[in-house]
Amino acid sequence: AQECQNLEMEKQQRIERIREKRIQLQELLLQQIAFKNLVQRNRHSEQHTRGPPAVNSTIQLPFLILNTSKRTVIDCSISSDKFEYLFNFDNMFEIHNDTEILKRMGMSFGLEAGKCSSKDLRTAKSLVPKALEKYLTGI
Amino acid sequence: VCSTPKTALLYKFNGSPSKSLKEINNMIKQEGQR
Amino acid sequence: KEIVDRLRYLEAEIEDLELKEKELDQQKIWLQQSIKNVKEDSENKHFSYITHEDICDCFNGDTLLAIQAPSGTQLEVPVPQVGQKKYQINLKSNSGPIHVLLINKE
């Protein structure tokens, strides 16, 4: 009976670990979808406009984006070699990585929010390995 | 066991998971609301 | 007898869960490598950018900073002191310059 109890506990721990690992895998899938979708979009856009956009109008991946209210006063100190920055803010801010920004742009077809049309789901599936498609349906 | 109180949150480019940024954002939000 | 049966059943379940967990671990490694290959492909690198408009559309009216830094750059956010409405970010790189861009639609 004691061994039963121990095994029950182990089973629950494994179930929880599997759940977390599945979420991590789904997150990686969204990352791949968003990136590939972005590349496709930019490729089509450049074909349409017959050239790349101006260099100073784009931001190359990877990056972080920091957003704060437009009323925030930001004080910035930079070392001469640009190896060190110090920012002081008088208001809250948020930091987002490039994957998060791509999701906000809709590059992952709304999959993270569970709002994805069947057409977009088919497109998303075409951007991931076939063996992992089932995890997209899971999302 | 008492651990040393955290004085700062860290994130490493190409090293930390996105969870670290979420922790930073939550901390700033909590402190701001307080 | 009931407990013995339950024990055997649990052992079988745990074996299945162990296999499932190993499968997930392998798939994660595989997918991480796949993402790395896709991002490092030279043609994909050429098209891996977003425009200022893309970002501004995501954050309505906010002041935005884009930060590009080498791998290993440390971003430190000290816990604000009680009662002080002051927030700090410290960026420190050991291998190359950090680039910060102010993006403001206005």
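Below, each value reflects all heavy atoms present in this structure, side chains not excepted, and no hydrogens, waters or symmetry copies. Everything numeric in this text was worked out from a predicted model, so none of it was measured.
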Picking from [options], which has the most non-hydrogen pairs under 4.5 angstrom with chain A?
options: C/K45, C/Q74, C/K28; value: C/K28
options: C/T73, C/I55, C/L24, C/L101; value: C/L24
options: C/I67, C/L7, C/I89; value: C/I89
options: C/V4, C/V77, C/L64, C/I14; value: C/I14
options: C/C58, C/S34, C/A66, C/G96; value: C/G96

Less than 4.5 Å apart, side chain to side chain, heavy atoms only: is that true for [X] and [Y]?
X: A/Q31; Y: C/Q32; result: no
X: C/D54; Y: A/R41; result: yes
X: C/L65; Y: A/L64; result: no
X: A/T58; Y: C/H52; result: no

Take C/K20 and A/R22, measure what side chain to side chain contact (heavy atoms under 4.5 Å, CB included) needs, and give me the verdict at the end.
-> CA-CA 10 Å; C/K20 182 68 198 165; A/R22 193 173 275 133; 3.3 Å; yes

Portion of [X] that has a non-hydrogen atom of chain C nearer than 4.5 angstrom:
X: A/I95; result: side chain
X: A/D75; result: neither
X: A/E46; result: side chain
X: A/N67; result: both
X: A/M107; result: neither
X: A/L132; result: side chain
X: A/R43; result: both
X: A/R71; result: neither
X: A/P62; result: backbone

Tell me whether [X] at atom [atom1] has more than 12 heavy atoms from other residues, nucleotides or ligands lying less than 6.0 Å away.
X: C/Q26; atom1: CD; result: no
X: C/K39; atom1: NZ; result: yes
X: C/E23; atom1: CD; result: yes
X: C/N37; atom1: CG; result: yes
X: C/Q81; atom1: CD; result: no
X: C/Q33; atom1: CD; result: yes
X: A/K119; atom1: NZ; result: no
X: C/N94; atom1: CG; result: no

[atom1]-[atom2] distance between [X] and [Y], expressed to the nearest 0.5 angstrom:
X: A/E20; Y: C/E21; atom1: CD; atom2: CD; value: 10.0 Å
X: A/L86; Y: C/E76; atom1: CG; atom2: CD; value: 10.0 Å
X: A/K70; Y: C/D62; atom1: NZ; atom2: CG; value: 9.0 Å
X: C/F59; Y: A/L66; atom1: CZ; atom2: CG; value: 9.0 Å
X: A/K82; Y: C/L91; atom1: NZ; atom2: CG; value: 13.0 Å
X: C/I98; Y: A/E84; atom1: CD1; atom2: CD; value: 8.0 Å

Identify the heavy atoms of [X] and [Y] that sit nearest to each other, and give their distance.
X: C/I50; Y: A/L38; answer: CG2-CD1, 3.8 Å
X: C/L10; Y: A/C4; answer: CD1-O, 3.6 Å
X: A/Q32; Y: C/I35; answer: OE1-CG1, 3.3 Å
X: C/Y49; Y: A/P53; answer: OH-CD, 3.2 Å
X: C/W30; Y: A/P129; answer: CH2-CB, 3.8 Å

Given the side-chain rings of C/H99 and A/Y85, with only the six-membered ring counted for Trp, is the space between their centroids under 6.0 Å?
->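 No, the ring of C/H99 stays outside the 6.0 Å limit from the ring of A/Y85, centre to centre.
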
What part of C/E13 is in contact with chain A, defined as an atom under 4.5 angstrom from a non-hydrogen atom: side chain, backbone, both or neither?
->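 Side chain only.
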
Against chain A, label C/E2 side chain, backbone, both or neither, depending on which of its atoms sit under 4.5 Å from a heavy atom there.
->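 For C/E2, there is no contact with chain A at all, as no heavy atom is under 4.5 Å.
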
Among [options], which residue has the highest count of heavy-atom pairs closer than 4.5 Å to chain C?
options: A/S57, A/S69, A/A131; answer: A/S57
options: A/L29, A/T72, A/D81; answer: A/L29
options: A/F63, A/F89, A/Y135, A/F93; answer: A/F89

Step by step, work out the side chain to side chain contact (heavy atoms under 4.5 Å, CB included) result for A/F35 and C/N44.
-> CA-CA 9 Å; A/F35 183 82; C/N44 288 344; 4.1 Å; yes

Using a strict cut-off of less than 4.0 Å between a Lys/Arg side-chain nitrogen and an Asp/Glu carboxylate oxygen, indicate whether A/R17 and C/D25 qualify as a salt bridge.
->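 The answer is no: the pair does not qualify as a salt bridge.
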
Is there a donor-acceptor pair closer than 3.5 Å between any side-chain N or O of C/Q68 and the backbone N or O of A/Q60?
->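 Judged by distance alone, yes, a pair lies under 3.5 Å.
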
Taking the side chain from A/N88 and the backbone from C/K86, do they hold a donor-acceptor pair closer than 3.5 Å?
->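 Not confirmed, A/N88 side chain does not pair with C/K86 backbone.
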
